[in-house]
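Just below is one structure, and these are the notes that go with it.
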2 protein chains.
Amino acid sequence: MSQQRQGSTPGNTGAVPAFPDLPEATIARLPEYLRALHNLAETGSETVSSEGLAAAAGVNSAKLRKDLSHLGSYGTRGVGYDVALLIDQIEYILGLDQRRAVALVGVGNLGHALAGYDGFASRGFRIVALFDADPEQVGQALNGLTVRHVEELGRAVVEEGITIGVIATPAGAAQAVADDLVAAGVTSILNFAPCVLAVPAGVDVRKVDLAIELQILSFHEHRKASLTALPGGRSPQAGNQEAVGS
Amino acid sequence: MSQQRQGSTPGNTGAVPAFPDLPEATIARLPEYLRALHNLAETGSETVSSEGLAAAAGVNSAKLRKDLSHLGSYGTRGVGYDVALLIDQIEYILGLDQRRAVALVGVGNLGHALAGYDGFASRGFRIVALFDADPEQVGQALNGLTVRHVEELGRAVVEEGITIGVIATPAGAAQAVADDLVAAGVTSILNFAPCVLAVPAGVDVRKVDLAIELQILSFHEHRKASLTALPGGRSPQAGNQEAVGS
DNA sequence: AGGCGCTTGTGAAGGCGTGCACAAATCGCG
DNA sequence: CGCGATTTGTGCACGCCTTCACAAGCGCCT
Ligand SMILES: NC(=O)c1ccc[n+]([C@@H]2O[C@H](COP(=O)([O-])OP(=O)(O)OC[C@H]3O[C@@H](n4cnc5c(N)ncnc54)[C@H](O)[C@@H]3O)[C@@H](O)[C@H]2O)c1
Ligand SMILES: NC(=O)c1ccc[n+]([C@@H]2O[C@H](COP(=O)([O-])OP(=O)(O)OC[C@H]3O[C@@H](n4cnc5c(N)ncnc54)[C@H](O)[C@@H]3O)[C@@H](O)[C@H]2O)c1
């Protein structure tokens, strides 16, 4: 969904797939369920109904049940879902039991905030290396890590077993950084730079663009405003039908 | 898509809607087209083909043409699209000609980065007010703005004509801040806190959650790894279907 | 032991989005 | 002035996703 995805040909011969190939839409919601489940676990709940979990995750309960049914049958009819079991299952599916190593490239304004964020560690990720091209930034300590020069990226990726790269450089440098990451063996990239990245097949790219989010909100503001201003009316200008013809 | 949307009952009686009600998927892509168009305009291009613009925006050319056709006919067959005209049209549709006023609540780690980001101003947004609950933060100057106490939010929203609020507080405070924003008259919220917000109908909420993005990438890493490790194999554990029953 | 209420899991239907393929339209050139 | 090259705009079919509605299953209470 508005995300770049370069798939690989499965060529799967087995009847039941080694990996339940969930719908993309489902995958995107699993993290939200997981968060809700963790919250429930903290409050001491042993089980949740689909209704309860759906409410906590902000979705329709039918959708939640269908999503979870793709993982297998981990609920009990008449009772609900076992919270701890479901957490384990979702974390397993998402591959969060591996505590993935992440590299962050570009420790500027945004990079500093990301490097100092503790919300990643608590969700199964370790930022294990920071990189920048600016000599001023290189060498400084940030949250227990030393910023290294971007030229060392290739070596570090291999040594630290990094599989995910986060790009927080200006847009002009993003493609070059992405190329370096891919060359080093990174197969997943989270891109904060406002630009389209070209990557080979088999590499996943997800983009986060705050300006785009604001622009989408702006559209809805515009729409709402035009509706309240002219209730049931028509466009302020350019209200052309097929009427005003030659 | 994975975004909260509280629609309002249209009750539209007119034949042709006052506002071209574009598909959500199209709206989400317009900002990307807009960026690509601005890039093209800077390089001096007067016109673009759907093929060219699609490549620059990272989408299929058929999809791009269908998207643009929803706005009207702003292309010329055999030639392409007029770059400047298309920019104007998209900016009008997105409501970017109004330079919307934005409030940022929570100037911590992430909030500082957002407040210092110049990429918003260049895309039609002005951050006009900063708020925090921490007395340590209140009063400090940031990028030409003074951080105000969150209690002043209601007054400021009205005075400054703020329609969009950005929440960058811890998750525990997010709902309360959202309530304040809505009470003050804000109808669009961009939420960085990892939690679900409840808002009344007519208010749009978009959420940005970096941990979710990483978890989605992690899933694909997991999938890719299991495919290469066990080509055509099955799940390491818990491969229960309806077999092991009784 | 049996019945009753509750909740899951899923078949089916409808809606939305995507991409193909082509007709319609425009420009440039001879 | 007509023709061919080019590119837009769109009808159509297909697949994915969502939502409804309900049968199947489970536990509890009597
Ligand atoms: N700051 C925000 O709130 C924000 C919001 C949305 C998007 N973004 C985007 O995130 C990116 C970073 O934003 P920022 O505000 O941190 O910018 P910044 O200029 O503060 O930081 C960029 C950093 O990247 C480094 N860099 C430049 N080229 C590099 C290279 N080739 N290799 C490695 N490092 C390199 C720079 O030295 C600098 O430290 C930009 O693309 C921006 O558009 C930022
Ligand atoms: N830092 C990141 O890179 C990052 C990444 C992803 C998500 N987030 C999320 O963004 C949010 C902010 O993250 P952060 O790292 O900046 O946290 P932070 O603790 O550094 O900043 C939070 C700020 O919010 C203020 N605040 C608290 N309660 C408030 C209230 N009721 N009203 C107004 N302000 C209030 C605090 O005083 C503080 O300044 C969190 O929800 C976090 O999970 C942050």
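We use all heavy atoms of the structure for the numbers below, so side chains are in, but hydrogens, waters and symmetry mates are not. Letters A, B, ... mirror the listed sequences (proteins, then strands); counts begin at 1.
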Starting from [atom2] on [N], measure out to [atom1] on [X] and report it in whole angstrom.
X      : N       : atom1 : atom2 : result
R77(B) : dT10(D) : CZ    : P     : 7 Å
Y74(A) : dT10(C) : OH    : P     : 13 Å
E46(B) : dT7(D)  : CD    : C1'   : 18 Å
K66(B) : dT10(D) : NZ    : C1'   : 6 Å
R65(A) : dG11(C) : CZ    : P     : 14 Å
Q89(B) : dG9(D)  : CD    : P     : 12 Å
D21(B) : dG17(C) : CG    : P     : 11 Å
L64(A) : dT10(C) : CG    : C1'   : 14 Å

Do the side-chain N or O atoms of T76(A) get closer than 4.0 angstrom to the phosphate oxygens (OP1, OP2) of dT8(C)?
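No, because none of the side-chain N or O atoms of T76(A) sits under 4.0 Å from OP1 or OP2 of dT8(C).
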Report yes if at least one side-chain N or O of S73(B) is closer than 4.0 Å to OP1 or OP2 of dG9(D); otherwise report no.
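Affirmative; the distance criterion is met.
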side-chain contact (heavy atoms from CB on, under 4.5 Å) with K207(A): of L190(A), I212(A), L197(A), only one passes, and it is I212(A)
Keeping S50(B) on the side-chain end and S61(B) on the backbone end, is there a donor-acceptor pair under 3.5 Å?
no
Q175(A) side-chain N/O to A198(A) backbone N/O, donor-acceptor pair under 3.5 Å
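Side chain of Q175(A) to backbone of A198(A), a donor-acceptor pair under 3.5 Å: yes, one is there.
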Report the nucleotide, chosen from [options], that has the shortest atom-to-atom distance to any side-chain atom of [X].
X      : options                   : result
Y81(B) : dT8(D), dG19(C), dC17(D)  : dT8(D)
S50(B) : dG9(C), dG19(C), dT8(D)   : dT8(D)
R29(B) : dT18(C), dG19(C), dC20(D) : dT18(C)
S69(B) : dC26(D), dT10(D), dT19(D) : dT10(D)

State, without any angle test, whether D67(A) and T26(A) hold a side-chain donor-acceptor pair at a distance under 3.5 Å.
yes
Is there a donor in the side chain of H220(A) and an acceptor in the side chain of R223(A), or the other way round, less than 3.5 Å apart?
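Their side chains do contain a donor-acceptor pair, which is all the 3.5 Å distance test asks for.
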Select from K63(A) and G78(A) the residue whose nearest nucleotide in DNA chain D is closer to the 5' end of that strand.
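It is K63(A) whose nearest nucleotide is closer to the 5' end.
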If you look at every strand shown and take non-hydrogen atoms under 4.0 Å, does T26(B) touch a base, only sugar-phosphate, or nothing?
nothing
